[in-house]
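Below: one structure, written as structure tokens.
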Amino acid sequence: MTPDATLSLRSQVRQILSAAWQQAEAELTPAGDSSLAISTPIMIERPADPSFGDFASNIAMKLAKPYRRAPMDIAKAVAAHVVTTAMDPASPIAGVDVAPPGFINVRISDAAIAATTARVLRDPAAWGSVTAEHPEHINVEFVSANPTGPLHIGNARGAFTGDLLCRVLTAAGHKVEREYYFNDFGSQVKNLGASVVAIREGCDIPEDGYHGDYVYELARDLPESVLAAAQTADEPVEWAIGRWASERVRSGIEASLERLGCHFDVWRSESTLHHDGWVGKAVERLRAAGDVYEEDGAVVFRSTKYGDDKDRVILRSTDDNAPTYFAADIGYLVEKFSRGYDRLVFIWGEDHHGYVARVKAAAQSLGFDPDHVQMILTAWVRFIRDGKEIAMSKRTGEFITLDELLAEIGVDAARWFFASRAASSGIDFDIELAKKQSSDNPVYYVQYAHARIASILRKAAAAGMVPPAADEARVLELLEGILPGVPEAQLARQIGRLPEVVEDAAESRETHGVTAYATELATTFHAFYRDARVIDETEPERSIARLALIAAAKTTLAGALGLLGISAPESM
RNA sequence: GCGCCCGUAGCUCAGUGGAUAGAGCGCCAGGUUGCGGACCUGGAGGUCGUGGGUUCGAGUCCCGCCGGGCGCGCCA
């Protein structure tokens, strides 16, 4: 069979192994026994030891038991069919062998490696983006901190985690929308307004008020006209001032996030959710599903029916049966799905983990697939200075803002820091240590590799040497001429991994594989740089070929950094 | 008490049931008459918290225990 050359090499190998297995299966299945129609996913991995080849599969060991055959026998049978495939000139496979206890090891041809590299040069903008097997329209909601004060460093992880996930999902072929949900009418907003009014009028800040410097700035910036209008309105003055202050804080948050490289497509306010009737609609749908009951004057959702620990109140017994926060969230679920998303993703701090079951329960009762409502929980970050944890409270005003943190350590370093750790991993962030080590941050190692290549390309161009990126046939010819060389082969193979890295990151919803890959690619390039001189006037053909190769490496480094929202400098 | 997350090198962290458990930083010893030394090469450093179990194979899955974090509202 001829694999689809637009797929990642790994996917092509998977197709070939899958076909080979189907042929081998007939030989291994006892006559008359058709019960063994086992659909085993073909697992393909990059072996840790490169001497085993480019890809390895453990399928023979997985199938040994159901087929009651020795793993080595199965491996040999599959390998025999793969060898047949490898005779096809269009096949990317150059060789296959079997190793105990039953690994099938596959080596990719230089021609296929060259073809992948040439594709990078022909269409650099597309390199790193893959076609999803099942493309989805995904809504990712993150940060969603209430606009009662500027973002502090505790919000950093959610912001970066969400942004990184969106970038990776987009690159993996999904359509992604980024959403921020905020409360703009609750008692917190009223308290913020009361604090601003108190400062403006020279009174003491009330018991439940806010005390940060930003509250004083709000009081100072509050226009007289807004204050006057609020004082003559029907409602208490702190409400109108609270809404004004809250919107001002919200737009400040948006500006901070944009400075971090975190853009949001949708800003959704909780009050409009109520005004537009989504909360009432959601309650009615739960009622229609027969999943609500009344107790002591409150309306309760029977979430235990769908696996929650206890049932949850959605309409209070007090305040004229006002909806709870949870009820608003259910309304939000209905509203979001009405926009046509296939999947809703929420980035939450792990302190919200108790909330997962009830929201999924609500989704199920509403008739949505609970597996299409996905929560990613980020572990807590402890910020440490001078060996002590920094306590943070928005209400008392004791906190370090996100803007202050970024001023200290830089956006690229901060992004790398969070991208290189699993969401579930607790982090101790020592600010002094981060500042001290910032020049040793691996992100600069990767950026340096990119800048170094840019420098070489500039130098070559000045000497009249420019790789013919658009001429794919010529590039292929050049690359195949140098790929027998070990440094060239290693760099080209490393370049070809990017699509797999994107697929893995999207599927696992984790980005630390991207930082690891970027570091490995930079290391491979630096080794190449040491072993293979690029610009050599006495060898123009080889120089052009090597320039083409490092140009592809540069595009790939930029692609990996772009996935992380990190700049790829031409010089540094 | 119940539930969820975590425990891997001195430090910060990777590790999708597979081959000899890795990376960065730190430490030690080296390297450039040449394209950017923010680079490269080598080394020391591990009872994978602990005790059982499942498996051809366990850092990975299951159970117990120890240690740390978080949650268990008609708050948001």
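Below, read A as the first sequence line, B as the second, and so on, with proteins coming before strands; counting in each chain starts at 1.
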When you measure from the side chain of [X], which nucleotide among [options] comes out closest?
| X | options | answer |
| --- | --- | --- |
| A/F103 | B/G37, B/A76, B/A19 | B/A19 |
| A/D504 | B/G37, B/U16, B/G69 | B/U16 |
| A/Y325 | B/C5, B/U16, B/A76 | B/A76 |
| A/R316 | B/G18, B/G34, B/C74 | B/C74 |
| A/N183 | B/A19, B/A76, B/C35 | B/A76 |
| A/H526 | B/C70, B/C40, B/C35 | B/C40 |
| A/N146 | B/G34, B/A76, B/A38 | B/A76 |

Please check if any side-chain donor atom of [X] sits under 3.5 Å from a side-chain acceptor atom of [Y], or the reverse.
| X | Y | answer |
| --- | --- | --- |
| A/R250 | A/S246 | no |
| A/Y444 | A/D412 | no |
| A/D536 | A/T538 | yes |
| A/N183 | A/Q188 | no |

Side-chain heavy atoms of A/R415 within contact of A/L164, under 4.5 Å: yes
What's the [atom1]-[atom2] distance between [X] and [N], to the nearest Å?
| X | N | atom1 | atom2 | value |
| --- | --- | --- | --- | --- |
| A/F185 | B/A76 | CZ | C1' | 10 Å |
| A/R382 | B/C70 | CZ | C1' | 13 Å |
| A/K65 | B/G18 | NZ | C1' | 15 Å |
| A/L457 | B/C35 | CG | P | 16 Å |
| A/Y517 | B/U16 | OH | P | 20 Å |
| A/I314 | B/A76 | CD1 | P | 14 Å |
| A/N58 | B/U16 | CG | P | 13 Å |
| A/Y444 | B/A38 | OH | C1' | 11 Å |

Verify stack between A/Y445 ring and B/A38 base, 5.5 Å, 30 degrees: no
A/F52 aromatic ring stacked with six-membered ring of B/A19, 5.5 Å and 30°: yes
For a quick test of reading the model: is some side-chain N or O of [X] closer than 4.0 Å to OP1 or OP2 of [N]?
| X | N | value |
| --- | --- | --- |
| A/S425 | B/A14 | yes |
| A/R68 | B/C56 | no |
| A/Y355 | B/C75 | no |
| A/R530 | B/U41 | yes |
| A/H512 | B/G15 | yes |

Which part of the nucleic acid, if any, lies within reach of [X] when heavy atoms closer than 4.0 Å are counted: base, sugar-phosphate only, or nothing?
| X | result |
| --- | --- |
| A/A379 | nothing |
| A/A56 | base |
| A/Q188 | sugar-phosphate |
| A/D309 | nothing |
| A/S455 | base |
| A/D351 | sugar-phosphate |
| A/A451 | base |
| A/A419 | nothing |
| A/G186 | nothing |

When the [atom1] atoms of [N] and [M] are considered, how many whole Å apart are they?
| N | M | atom1 | result |
| --- | --- | --- | --- |
| B/G22 | B/A9 | P | 14 Å |
| B/U8 | B/A14 | C1' | 10 Å |
| B/G17 | B/A58 | P | 15 Å |
| B/G69 | B/G51 | P | 24 Å |

So, does the side chain of [X] form a donor-acceptor pair with the base of [N] at under 3.5 Å?
| X | N | answer |
| --- | --- | --- |
| A/N105 | B/A19 | yes |
| A/H353 | B/G3 | yes |
| A/S317 | B/C74 | yes |

Candidate pair A/H274 and A/F185, rule ring pair (Phe, Tyr, Trp, His ring centres under 6.0 Å), full reasoning: CA-CA 10 Å; A/H274 286 88; A/F185 79 115; 5.3 Å; yes
Comparing A/S571 and A/F326 on RNA chain B - which has the more 5′ nearest nucleotide: A/S571
Closest-nucleotide ordering on RNA chain B, the 5'-leading residue of A/K310 and A/R421: A/R421
Would you mind pulling out the nucleotide paired to [N], Watson-Crick or G-U wobble, both distances under 3.5 Å?
| N | value |
| --- | --- |
| B/G71 | B/C2 |
| B/A29 | B/U41 |
| B/G57 | none |
| B/A23 | B/U12 |

Distance flag, aromatic centroids of A/Y355 and A/W348, threshold under 6.0 Å: yes
Near-ring test A/H526/A/Y445, centroid separation under 6.0 angstrom: yes
A/E141/A/R268 under salt bridge (charged side-chain N to carboxylate O under 4.0 Å, His left out): CA gap, chis, key distance, verdict: CA-CA 10 Å; A/E141 185 204 315; A/R268 189 67 160 110; over 6 Å; no
